[in-house]
Undergrad: 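If you scroll down you'll find the structure; I have some questions about it.
Chain A is the first sequence line, chain B the second, and so forth, proteins listed ahead of strands; every chain is numbered from 1.
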Amino acid sequence: MNNQTAKSWLVQTLILLGALAGALMVGAVLLIIAGSDPIKAYSVMFAGPTGSEFGITETLVRATPLLLVSLGIVISFRSGILNIGGEGQILVGAVTAAAVALALPGWPEVILLPLVLLAGCVAGGIWGGIAGWLKARLAVNEILSTVMLNQIALQLYLYLIRGPLIDPQEVVYGTGVPQTGLVPRQVWLARLVPGMRLHAGFILALVLAVLVYIFLWRTTIGYRMRAVGAGPEAARYGGIRVEFYLILAIALAGALAGLAGAVEVLGVHHRAMESLSAGYGFSGIVAALFGRLHPLGTIPAAILIGALILGADMMQRAVHVPAAIVMAIQGLVILFVVSSDLLLRKPELLRRIFPRYISPRSEKTKEAGTGI
Amino acid sequence: MGFFVTWRTGNIYLGILISLITGALMGLLMGIVSITFKAEQGISGIGLYMFGWGLSGLLFRLYVGAITTIEGLRPVKIPGLGDIPYIGTIFFNHNWLVYLAYILVPISWVVLYKTTWGLKVRAVGTTPEAADNLGVSVDGIRYQCLVLGSMMAGLAGAYLTVGQANMYADYITAGRGFIAVALVYFGRWSPLGILAGSLLFSMADSFQQWVQVLGISVPYELAVILPYVITIMALAVSFGRVWAPAALGRPYERGTRG
């Protein structure tokens with residue numbers, strides 16, 4: 001059994017790496033069409049994040065919000081609800097956390113820090129919960145409602161940081177940069193490496209990955225949520241309140257995304273400002289799918305996607321290839337990963353393509369391994 | 001889902017042609033993933049959305065560099081009708097893409113409900129098993145529809161850049177692809193209903209701009225929210241009426257029972 005599990009893990013990993021390679025290859029073709037040298041671009045993209053202490057810690061800085069968001073995505077996708085509102089949930093979490101921290105500057109760390117993090121969670125959770133309620137009560141498609149809620153959150157966020165919450169100093173000096181004031185120093189998350197931006201939020205995200213795993217696979221609520229995701233009708237027949245668990249799932253996903261926003265404020269920028277979320281709401285989906293919708297799988301996946309995003313930024317600075325390509329590559333990763341699912345579901349196709357390498361015995365293994 | 005590749009070249013007509021082709025290619029890509037590989041359509045739609053988003057951003061930065069305006073499509077005044085005071089300028093003085101969009105409403109109604117091809121399309125959408133039994137190629141029809149729909153989306157992108165804004169900016173679509181899907185639900189899956197839905201959305205959008213122009217003291221950002229709130233409300237009131245094709249979003253595999 002153990003041997004079989006290991007084998008199926010190996011096959012899954014190989015297929016995922018194949019999907020990544022495929023996406024990068026199409027990306028290379030795009031670069032050639034765009035008139036850039038893909039080898040030069042990719043070498044910067046991969047050497048940058050891995051080559052130095054700065055690169056490695058900065059990769060983990062990017063991976064932190066990705067990991068938090070993708071954990072939420074795992075919960076919601078597993079429960080059968082497609083949350084693409086991560087972007088909006090991050091923003092409401094970030095701005096709520098900043099507002100609470102700014103409103104209570106004199107409070108001690110032991111009370112204020114948990115309170116601020118909780119505020120981010122609650123705000124994101126409510127934002128996600130709206131889409132969940134709309135789906136459960138009024139059958140509103142959650143993909144559409146979360147996209148609309150992203151737009152609404154973005155505009156509200158911009159309004160708050162340009163207006164009521166703008167840094168008073170920006171008004172005094174007349175510069176008017178749309179950002180809030182610095183949050184009180186006692187709630188800044190501890191930096192883990194001297195001189196680098198890596199902060200305690202990364203450890204928090206790792207701990208939460210384990211907790212989400214335990215929650216989904218070792219608790220009754222988690223079991224019911226997965227049952228709703230696997231088959232809502234069967235779950236309903238089994239006496240599970242499907243609507244309740246749908247709302248709970250996306251509210252939890254929103255809470256994790258909101259926490260990601262709060263952690264970005266407390267750990268990286270120490271304020272809420274424009275372009276706080278660099279597409280983390282969408283990249284979190286990529287990380288979750290690449291982690292095969294498993295909470296522990298999302299850890300390496302989030303680090304990998306974090307490295308890709310950082311590498312693309314470095315590439316833009318070094319060889320002037322627009323970093324926008326990383327969004328296209330991530331989209332391709334999704335397309336390749338979901339396409340390769342067919343290979344996992346239908347092992348006979350895999351055997352037809354690679355007749356020599358797959359023996360009939362290992363085919364059974366894969367069949368056992370498909371129950372993700 | 002949404003294919004938001006918006007293209008622009010020096011020549012407007014070439015640009016529109018290229019946006020049709022790009023749209024078709026994106027539809028083909030979606031088809032390969034969701035029809036041939038039978039992937040989950042919601043997720044692959046998100047993937048394609050990100051791909052189009054990144055690709056258009058990449059091409060824009062490489063070729064154009066900065067936001068520049070171009071000379072867009074000129075309004076075409078319809079002879080006679082365009083001269084009627086007041087009404088003429090409202091209805092008969094637009095660029096030709098506007099007329100095309102409205103003409104396509106009755107055309108798509110006729111195609112969907114009065115032709116053999118339209119019958120096949122609706123059969124594949126509701127009971128692919130029955131359609132397959134009668135010798136209709138389910139995958140073939142789905143590919144055709146996807147490519148056709150994507151070309152329309154590409155045309156919509158072209159309209160935004162060359163017909164309306166005369167420029168390209170990141171995220172110029174502002175979620176319109178998704179709003180369009182919402183309008184399909186709201187319009188009960190019929191071309192005429194969708195026309196009504198589109199007009200409702202546009203009214204909310206222009207009301208929002210009107211409020212800003214009049215200088216009513218509503219913060220700009222809060223005014224912009226209005227169309228999105230209305231879209232969500234439109235989706236919410238469509239609740240309870242099942243008009244969606246039964247096999248929507250379901251990959252079809254021979255020999256399985258849906």
Side-chain angles (χ1 to χ4, degrees), chain A residues 26 30-31 33-36 77 82 84 130-131 134 137-145 147-152 154-160 162-163 279 282-283 285-286 289 316 320-343 345-346, chain B residues 1-2 29-30 32-34 36-63 170 174-175 177-179 181-182 185 219-240 242 244 251 253:
Chain A
V26 178
L30 291 178
L31 283 171
I33 296 172
S36 312
F77 279 27
L82 294 176
I84 53 177
I130 295 173
L134 284 168
R137 288 276 167 267
L138 300 171
V140 173
N141 180 301
E142 73 276 16
I143 297 181
L144 299 173
S145 63
V147 168
M148 302 304 143
L149 285 166
N150 279 347
Q151 294 287 335
I152 296 171
L154 175 66
Q155 297 300 336
L156 281 177
Y157 180 80
L158 291 176
Y159 165 68
L160 288 172
R162 284 175 190 160
F282 290 99
S283 302
I285 299 173
V286 186
L289 291 172
Q316 173 160 308
H320 303 295
V321 174
I325 190 168
V326 77
M327 189 58 85
I329 291 178
Q330 289 182 69
L332 287 167
V333 169
I334 292 187
L335 294 176
F336 272 98
V337 168
V338 292
S339 300
S340 64
D341 273 359
L342 185 69
L343 294 182
R345 276 205 317 266
K346 300 208 149 179
Chain B
M1 271 299 120
L29 181 61
M30 180 75 186
I32 293 170
V33 173
S34 63
T36 306
F37 286 107
K38 308 190 190 310
E40 224 274 81
Q41 289 169 20
I43 300 175
S44 45
I46 298 167
L48 200 73
Y49 170 58
M50 292 175 72
F51 176 61
W53 178 5
L55 188 64
S56 53
L58 174 74
L59 294 170
F60 173 65
R61 273 173 194 75
L62 280 177
Y63 288 120
D170 278 328
F178 294 99
I179 290 171
V181 180
Y185 281 82
Y220 156 80
E221 295 85 357
L222 300 187
V224 175
I225 286 175
L226 187 67
Y228 301 106
V229 174
I230 290 194
T231 305
I232 291 185
M233 277 160 47
L235 281 171
V237 297
S238 320
F239 163 65
V242 185
E253 287 180 65

Undergrad: Between A:Leu138 and B:Ala236, which heavy-atom pair has the shortest distance, and what is it?
TA: CD1-CB, 3.6 Å
Undergrad: At a 4.5 Å cut-off on heavy atoms, which part of A:Phe77 comes close to chain B: side chain, backbone, both, or neither?
TA: side chain
Undergrad: Can you tell me how far the CD1 atom of A:Ile130 sits from the CD1 atom of B:Ile232, to the nearest 0.5 Å?
TA: 8.0 Å
Undergrad: Tell me, side chain or backbone of A:Val286 under 4.5 Å from chain B's heavy atoms, or both, or neither?
TA: side chain
Undergrad: Check each of A:Leu30, A:Val333, A:Ile329 against B:Phe51 using the side chain to side chain contact (heavy atoms under 4.5 Å, CB included) test, and report the only one that passes.
TA: A:Leu30
Undergrad: Please identify, among A:Ile152, A:Leu289, A:Val140, the residue contributing the most non-hydrogen atom pairs under 4.5 Å to chain B.
TA: A:Ile152
Undergrad: Mind listing the closest non-hydrogen atom pair of A:Ile334 and B:Ile46 along with its distance?
TA: CD1-CG2, 4.3 Å
Undergrad: Heavy-atom distance under 4.5 Å to chain A: side chain of B:Leu226, backbone, both or neither?
TA: neither
Undergrad: Pair B:Met50, A:Ile285 - check side-chain contact (heavy atoms from CB on, under 4.5 Å), show working.
TA: CA-CA 11 Å; B:Met50 292 175 72; A:Ile285 299 173; 5.7 Å; no
Undergrad: Heavy-atom distance under 4.5 Å to chain B: side chain of A:Leu82, backbone, both or neither?
TA: side chain
